[in-house]
Amino acid sequence: MIRDDIIRLIERAIKKAQKKGDLPSFDVPEVTLERPKEEIHGDYATPVCMSMARLARMAPVQIAEKIVARMERPDYIGSVEVAHPGFINIALSNAWVAAQVEAILGQGERFGHVNRGQGRRVQVEYISANPTGPLTIGSGRNAVLGDTLANVLAAAGWQVQREFYVNDTGNQMELFAASLYTRYAQALGRDMPLPEAGYPGSYLVEMGQAIAAEFGDRFLGMERDQALGALQAEGLKRMLAEIEADAKSMGIYFDHWKSEQSLYDDGTYGAIFNKLSADGWLIHREGAVWFKGDRGGPHSSQARIDSENGKRGPEEQEDKDNVVVRSDGRPTYFASDIAYVWDKLVTRGFDWAIYVWGADHHGHVPRMKAVTHALGLDPERVTVILYQLVTLKRGGELVRMGKRTGEIITLREVVEEIGADATRLMLLTRSADSQMELDLTLAVQESRENPVYYVQYSYARIASIFRYAQEQGMSLEGGDVSLLTHPAEQALIRQMIQLSAIIALCAETLSPHHLTHYAQKLASAFHSFYEECRVVSQDPAHVDLGKARLKLVLAAKTVLANTLTLMGVSTPEVM
RNA sequence: GCCCCAGUAGCUCAAGGGACAGAGCAACGGUCUUCUAAACCGUUGGUUGCAGGUUCGAGUCCUGCCUGGGGCGCCA
């Protein structure tokens, strides 16, 4: 990446300046490179001289001048300047920038990819919504975050597996089955109340009717327990089919659907329970089995050391005990989570497990870290991405929502109203840390002005240029990209070559929202170019430039496509 | 009571400790006989919740407070 090349260039210049005695010797701090806000400051800038002032006992500007004097000037460097209060500003050479068009065309859909992962295996587990009801808009945020992150990590050189964890056992599943039983019985004319804390949503009424229509009264004839089991299986199958369809409507496909129940069936849970028990992490109290927090654990001193080494922040210390097995003998979902993390990191051997959770689960992060540690695994191999909840409004009115309250605005409704592309971008634009307030009424109105169309429109315009060029018998064969010297052309290419840095940034910070802002900048650069630079022209004097521009436009199409694809947004040829 | 996240332009949000805090929408003024005006060009708009601190430099880091949201042993 050009960015890394420039950093190394500066590092070499500093060392050389020290060696030649221009600068005193001291440990050189990390050279950071940023994109200046002002165009006049060039393509890259480093503030490193400011942080060296004290070490060198020199004024930042003087340091900068010494470094600049020792800097090599490879062909990609256009200009190097020192600016107050001590920046080194670097501009790429126009010739090198123009040449990048060929490089982009050569790399095609791989352009922008980096190799930070070096083939290591990461699992991204996302959505994993309880299959007790349809996906909500909150699941939508989870879905978009997880899916885009998976795309980004794959582009950053990781081997990625996308997983949906199916909570097909436990308390909520039993309540789901009992609620479905009631609705099914009601569909057949029986009078039966919903169980306490059951699922009141109308979707179960419909499902009860559908099952009654298909199976008749078959389940009413069974023992209640047997009927519950059969209905749970049937309901789960139907619910998962809907979830899969909703995910698909947003372009999301999973590599694997992992059953919670399977962790019990295949013995993982039993083995892990024994291991934790043998290692002294479990205690019996009040009739239940508890996992000891860091304070009580046998290796609590080790936990503290890890914390001091920065491996785990103090906010990740778990100082509470957590129930693994209830006093009635049934395991909690935390029990399966323990088996699951073992399954991920040991049985299946992922180097890294990423969970995407809503902020309402943030209290569970410390105990996941604690239990990973207790299993003898490095807690750093587990990362939980928390996203703040989506508050929903309709016409300014707050909608309290949840599968268990019965009032649900489904992801499907939103996708049907404003489209998958707009939904994805809307949920992706904000950083995961910021709460979203979504007014459905407004979202439908505003979807016409959604930034997604701005970006897609640039893509469609390019497609249109190519249709017209073909009509006019014009081709890019033999185009000479060194002719691309117009400021608008240069600005567009400079934007295009940022993609790899953006992918690296998104992967390192696990914040895919940077992509959306990049996409808009890229589209903006294209639209400006489009206004200023004619591509297809009858003017004979324009032939060579036209060919070069056609190459540029094809490269822009490539970069736009790569960016949109990473975000899971479609690339329309016509709008 | 304790823990987590947020508070930035009228609205929705950006901003790897760096230069004059940026976009979009909204408002206002221009630009289509030539590849898509879902666009472009320009103008207006800010005490970054408040008070301290660290730093050459703070929207960003630290402490306290205010407001909103979420969480705190047998729901998930």
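Because the structure is predicted, anything quoted here is derived from the model rather than measured. Naming: A, B, ... by sequence-line order, numbering from 1 per chain.
Annotation: side-chain contact (heavy atoms from CB on, under 4.5 Å) contacts of A:Tyr454 (sequence neighbours excluded): A:Ala523, A:Ser524, A:His527.
At most 12 heavy atoms of other shown residues, nucleotides or ligands fall within 6.0 angstrom of atom CZ in A:Arg54.
The separation of B:G53 from B:A58, taken at their P atoms, amounts to 12 Å, rounded to a whole angstrom.
One interatomic measurement links the two molecules: CG of A:Asp337 to P of B:C74, which rounds to 16 Å at whole-angstrom precision. The nearest whole Å value for the distance from the CD atom in A:Gln520 to the C1' atom in B:A38 is 13 Å. When rounded to the nearest whole Å, the span between CZ of A:Phe291 and C1' of B:C74 equals 16 Å. The distance from atom CH2 of A:Trp281 to atom P of B:G73 is 21 Å, rounded to the nearest whole Å. Atom P of nucleotide B:G22 and atom CZ of A:Arg430 are separated by 21 Å, given to the nearest angstrom. Atom CZ of A:Phe334 and atom C1' of B:C75 are 15 Å apart (whole Å). As rounded to whole Å, 11 Å separates atom C1' of B:G68 from atom CD of A:Gln388. In this structure, CE of A:Met436 is placed 10 Å from C1' of B:C13, rounded to the nearest angstrom.
Comparing A:Ala501 and A:Ala83 along RNA chain B, the residue whose closest nucleotide (by nearest heavy atom) sits nearer the 5' end is A:Ala501. Closest-nucleotide positions on RNA chain B for A:Arg467 and A:Thr169 were compared, and the one nearer the 5' end corresponds to A:Arg467.
We find that the ring of A:His84 and the base of B:A19 do not stack by the test of centres under 5.5 angstrom and planes tilted less than 30°. By the stacking rule of 5.5 Å between ring centres and under 30° between planes, A:Tyr457 does not stack on the base of B:A39.
Between A:His517 and A:His513, the angle of the ring planes goes over 60°, which puts this pair in the perpendicular group of the 30/60° scheme. Ring geometry for A:His361 against A:Trp357 counts as tilted: the plane angle lies between 30° and 60°, on a 0 to 90° scale.
Pairing partner, B:A76: none, since no Watson-Crick or wobble contact has both distances short of 3.5 Å.
Within 3.5 Å, a donor on the side chain of A:Gln435 pairs with an acceptor on the base of B:G68, or the reverse.
Regarding contacts with the backbone of B:G24, every side-chain N or O of A:Thr429 stays at 4.0 angstrom or more from both OP1 and OP2.
The side chain of A:Arg461 has B:A39 as its nearest neighbour among B:A39, B:A14, B:A76.
Nearest heavy-atom pair, A:Phe291 versus A:Phe334, reported as atom, atom and distance to 0.1 Å: CB-CE2, 3.9 Å.
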